[in-house]
Amino acid sequence: MTKRPRILVWQPVLTDHLAYVLDALGNVADADLETVAITHNQAERVKQGWQPLGLEHLNPAILSRNKWIGQVVGLLRRRPDTVHLFCGPFGDLRITVALLAALALRRKVYVVSEPYSPSATGYLEDGNRYIAGLKARLRPFIYRLFGIALRRRMTGVFAISPLASQQFREMGVPETAIFPFGYFVPSPGIDPAQAEQDANSATRLKLCFVGSLILRKGLHRLIQATRAVTGSAVSLDVYGAGDPSKYDIDGDTVNYCGLIPFGTASTVMSGYDAVVVPSEHDGWGVVVNEALSAGVPVVVSRNVGASAMVEKFGCGIVYDPEQPDALHKALTRLASNPDELPDLQVATKVLQPLLEPEVAGRYMADVMFGATVPSCPWYDCP
């Protein structure tokens, strides 16, 4: 009798960004899938409104603070044929040590990783800009050191965004071991006709921002660009955790609307003409998936990993944040050419089926256990 494959997933914290994809991977591969984590949740994520997952069968084993080395050794010694999948392996020392130990023991190892941030801003919250700048300068050197350990013994890497693929190539990982990837969450049940009617009922272009109110997310620039559109043709609603008093929110052109209840982001977005994602850096940007799943085009910075999908499928506008007026020009383009919106909305429908976690789970299973290497369905990776 053939033994079922065993997949052991390691991560600092299990979130819905990957949980539904992992669930689909286990089902498609007909594998015994187990998860290991450092914690069940992160304080910063809780502030943003994140809730516990509804996938109880994926409940991770938590590494102990004091006896974690013994746990890691025990997990790595169980069934040498286990496939070890390390998600965000550089986000916690214990997970990084487990990764290095798995490589040393010649286990079959895959990594799932966003690109490291070149931006001198905090990732989950604002911090000291000097320290953030120092980290930004050190990251390329540190990751090159990781590359020495990874490039010869790692089986493959699921690189989240073209930038991540580029960085792993620069670390010395062979091209044949890099598999372009992203984050994928279940789509909501939204009536497309009603969503389009709600979005098109206003006289002004209705824009929406969803994200933490921190420097990295680029809200300051978005507000400036919105105000610069002539003729009061645009309105912007801001949703997210943080202090809105730090921003030029006037209650007319720009409104702060608080937090979106967990799990309802796509439903809220469906009432807008476009969602704007102006981040200085985002490894992926799940808000892009949520908007496109709701049939809403996006205006997105090229520094957001998911912009590669928008560019390939033509379901929004990708702008270069290094160009000072690029965001303003993108908003002016939409405000001046409302007839362009229906075409962008149609383009979202072409991409929508590919955003389902089941598609991503099958892609991972084909990479790990398939006879041929699948092509990336979401974006082109130079």
Side-chain angles (χ1 to χ4, degrees), residues 15 17 44-45 47-50 88 91 113-127 129 132-133 135-136 139 159-164 166-167 181-185 207-226 236-244 246-249 254 256 259-260 265-266 269 272 274-292 296-311 315-331 334 378-379:
T15 70
H17 286 50
E44 294 86 354
R45 298 298 194 186
K47 291 178 184 176
Q48 295 170 14
W50 286 36
S113 180
E114 297 182 19
Y116 62 78
S117 172
S119 174
T121 54
Y123 199 77
L124 293 178
E125 58 185 356
D126 291 331
R129 288 296 292 244
K135 288 181 178 180
R139 283 186 194 114
I160 296 178
S161 82
L163 177 59
Q166 175 188 325
Q167 290 176 353
F181 202 54
Y183 287 135
F184 304 95
V185 294
L207 302 177
C208 174
F209 168 93
V210 179
S212 299
L213 275 57
I214 57 176
L215 289 172
R216 181 176 62 85
K217 293 296 186 178
L219 180 56
H220 282 295
R221 291 185 179 182
L222 173 56
I223 291 175
Q224 291 173 356
T226 301
L236 171 67
D237 285 350
V238 175
Y239 297 87
D243 183 1
K246 296 180 179 179
Y247 298 85
D248 187 13
I249 295 174
V254 182
Y256 178 65
L259 286 173
I260 293 179
S266 292
M269 293 176 192
Y272 291 88
V275 172
V276 189
V277 189
S279 303
E280 292 183 18
H281 170 80
D282 249 322
W284 182 252
V286 175
V287 66
V288 174
N289 297 54
E290 292 172 324
L292 299 177
V296 181
V298 295
V299 177
V300 58
S301 160
R302 194 176 299 280
N303 290 351
V304 175
S307 67
M309 292 192 310
V310 178
E311 193 161 51
C315 47
I317 299 174
V318 179
Y319 71 92
D320 183 357
E322 304 304 320
Q323 300 297 320
D325 295 330
L327 179 53
H328 170 237
K329 289 178 180 177
L331 301 185
L334 281 184
W378 305 288
Y379 56 87

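Because only heavy atoms are used, hydrogens play no part in the values below, and waters and symmetry mates are left out as well, while side chains stay in.
The backbone N or O of Ser161 lies less than 3.5 Å from a partner atom in the side chain of Tyr379, making a donor-acceptor pair. Judged by distance alone, the side chain of Asn289 and the main-chain N or O of Tyr183 form a donor-acceptor pair under 3.5 Å. Side-chain N or O atoms of Ser266 include one that pairs as donor or acceptor with a backbone N or O of Glu290 at under 3.5 Å. Judged by distance alone, with hydrogens and angles left aside, the side-chain atoms of Glu311 form no donor-acceptor pair with the main-chain N or O of Val318 at under 3.5 Å.
Using a 4.5 Å cut-off on side-chain heavy atoms (C-beta onward), Trp378 and Phe184 make contact. Side-chain contact between Leu219 and Lys246 is absent, with no heavy-atom pair separated by less than 4.5 Å. Residues Asn303 and Glu322 have side chains in contact (heavy-atom distance under 4.5 Å, counting atoms from C-beta outward). Side chains of Val238 and Val254 form a contact here, defined as non-hydrogen atoms less than 4.5 Å apart. For the pair Leu331 and Val276, the minimum side-chain heavy-atom distance is below 4.5 Å. Side-chain contact check for Gln166 versus Pro115: every heavy-atom pair is 4.5 Å or farther apart. With contacts defined as side-chain heavy-atom distances shorter than 4.5 Å, the pair Asp282/Arg216 qualifies.
The two atoms that bring His220 and Leu215 nearest to each other are CD2-CD2, 4.1 Å, heavy atoms only. Contact detail for Leu236 and Phe209: the closest heavy-atom pair is CD1-N, 4.0 Å. Annotation for Ser307 and Ser301: closest pair CB-O, 3.5 Å, computed over non-hydrogen atoms. Nearest approach of Val299 to Tyr319, heavy atoms of both residues: CG1-CD2, 4.0 Å. Here the closest non-hydrogen pair linking Leu259 and Ala241 is CD2-N, 3.3 Å. For the residue pair Cys315 and Met309, the shortest heavy atom distance occurs at SG-O, 4.4 Å.
Distance check, rounded to the nearest 0.5 Å: OH of Tyr272 to CG of Asp237 gives 3.5 Å. In this structure, CD in Glu114 is found 10.5 Å from CD in Gln167, a value given to the nearest 0.5 Å. Put simply, CD on Gln224 and CG on Leu327 are 9.5 Å apart, with the number rounded to the nearest 0.5 Å. Rounding to the nearest 0.5 Å places CG of Leu213 at 8.0 Å from CG of Asp243. One distance of note links CD1 of Ile317 with CG of Leu334; it measures 4.0 Å at 0.5 Å rounding.
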Run the side-chain contact (heavy atoms from CB on, under 4.5 Å) test on Val287 and Met269 for me, step by step, so that the C-alpha distance in whole Å, both residues' side-chain angles and the decisive distance to 0.1 Å come before the verdict.
CA-CA 10 Å; Val287 66; Met269 293 176 192; 3.3 Å; yes
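Open room surrounds CZ on Arg221; 12 or fewer heavy atoms of other groups in view lie less than 6.0 Å from it.
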